[in-house]
There are 2 protein chains.
Amino acid sequence: MRNTGPEDDSYIGYMLSDVARLIRTIFDRRVRDIGLTRAQWLVLTRVYRRPGVSQTELAEMLEIDRASAGRMIDRMERNGWVERRPDRTDRRINRLHLTDEARKVHAAMWAIAESTVDDALSPLSATEREQYAELTAKVKGRLQNLAGAVP
Amino acid sequence: MRNTGPEDDSYIGYMLSDVARLIRTIFDRRVRDIGLTRAQWLVLTRVYRRPGVSQTELAEMLEIDRASAGRMIDRMERNGWVERRPDRTDRRINRLHLTDEARKVHAAMWAIAESTVDDALSPLSATEREQYAELTAKVKGRLQNLAGAVP
DNA sequence: AGTCTATTGTAGCCTATGCAACAATCATGA
DNA sequence: TCATGATTGTTGCATAGGCTACAATAGACT
């Protein structure tokens, strides 16, 4: 790492955020064709990965306010994509589940996600992809420690 | 790349966005101590890297609406961090410049950014960092092509 | 049981953002 | 020259987000 001034476009810190931003932008553009906004597909993936998640847990996963998450769920419930079901034992909690319609949309979205990531990694060889995944996993693990600890 | 279903937390697509999100979150937390919000430090870095940028260009770099950018600049101008200067030849255009005060804040912010990135990459050896930077650069280049082309 | 504290989801308020419409300005071409 | 279209920045409107306060509920402790 030779030059690490704020002017160097190849600074790894910039490149990491650029890669994530570009993937997100390209994915947003492709997924808009099936009628999804970014906020909506974020909710969709989280509830898909964790059915029965509570509203507060969803808000934490998305790093947004509980109130904002509640209003988002209002809208997606009105659109028939997500259901609130009462918790068996705790009457304060709403458990969230995708509708059949939403699961179909998720399948289409996932196909787009995979092809977008494949496109992004296309300049890497199979070996390089493995390396890239390993290095990224190491960095992610370190960041999770940092995020978990008190700043 | 064995398992690429939506349930696999080690899917490279997830990990890439996780790394960027975690860095941003940790950096946000550290930089709040010097009185900066995310929207503000984003403007700060962009105008620092490109002094004399126009409002429309800034909006494009930040991927936000022209109107939103204009109002953000209103606030930062009121706070004495950025100046609007008229373009020499085109009276429609405002050229943006940082104040001395803002440049001081940027220096402090950059120190925090560097230490955050260093912390994130701390589990990698020097060689691995080089590899990681190279691979990231390749992916970024590919994504810029994709973003530039018509979807 | 009763009391106190913590947690969940929601409503109100203010701010921030995107979209559309607009005036001012520039560029192009008859 | 001047008429037409494009671009820049701003304003109004509707929407989405964060913060605070609140009712309902759960849990712990006496």
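Reminder, nothing fancy here: chain letters follow the sequence lines and each chain counts from 1. All heavy atoms count here, side chains included; hydrogens, waters and symmetry mates do not.
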Spacing between [X] atom [atom1] and [N] atom [atom2], to the nearest angstrom:
X	N	atom1	atom2	answer
B:Arg88	C:dT25	CZ	P	19 Å
B:Leu62	C:dA16	CG	P	15 Å
B:Arg92	C:dT25	CZ	C1'	5 Å
B:Asp87	C:dT25	CG	P	14 Å
A:Asp65	C:dA11	CG	P	14 Å
B:Arg32	D:dG18	CZ	C1'	13 Å
A:Asn94	D:dA23	CG	P	19 Å
A:Arg38	D:dG17	CZ	C1'	15 Å

As a test of understanding, state which of A:Leu36, A:Thr116, A:Thr37 forms a side-chain contact (heavy atoms from CB on, under 4.5 Å) with A:Val31.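 Only match with A:Val31 under side-chain contact (heavy atoms from CB on, under 4.5 Å): A:Leu36.
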Between B:Leu16, B:Val117, B:Thr136, which is the residue that forms a side-chain contact (heavy atoms from CB on, under 4.5 Å) with A:Leu16? B:Thr136
Looking at the rings of B:Trp110 and B:Tyr48, which for Trp means the six-membered one, are their centres under 6.0 Å apart? no
On DNA chain D, check which nucleotide each of A:Met72 and A:Asp90 is closest to and give me the residue with the more 5' one. A:Met72
Any carboxylate oxygen within less than 4.0 angstrom of a Lys/Arg side-chain nitrogen, looking at A:Arg71 and A:Asp74? no
For A:Ser68, report the nucleic acid contact type (base, sugar-phosphate, nothing); a contact means any heavy atom under 4.0 Å.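 The answer is base, as A:Ser68 lies within the cut-off (heavy atoms under 4.0 Å) of a base atom.
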At 4.0 Å (heavy atoms only), tell me whether B:Arg75 reaches a base, stays on the sugar-phosphate, or touches nothing.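 Answer is sugar-phosphate: B:Arg75 comes under 4.0 Å of backbone atoms only.
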Has the side chain of A:Arg91 got a donor or acceptor atom sitting under 3.5 Å from an opposite partner on the base of C:dG9?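 No, no donor-acceptor pair under 3.5 Å.
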OP1 or OP2 of [N] under 4.0 Å from side-chain N/O of [X]:
X	N	result
A:Arg84	C:dT10	yes
B:Thr56	D:dG9	yes
B:Ser54	D:dT8	no
A:Arg66	C:dA11	no

Looking at [options], which one has an atom nearest to any side-chain atom of [X]?
X	options	result
B:Arg71	D:dG12, D:dT25, D:dT10	D:dG12
B:Ala67	D:dT10, C:dT17, D:dG17	D:dT10
A:Ile93	C:dC13, D:dG9, C:dT8	C:dT8

Of B:Thr89 and A:Asp74, the one whose closest DNA chain C nucleotide lies more 5': A:Asp74
Would you say the side-chain atoms of A:Gln40 and A:Arg75 include a donor-acceptor pair closer than 3.5 Å?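 A:Arg75 and A:Gln40 do not have a side-chain donor-acceptor pair below 3.5 Å.
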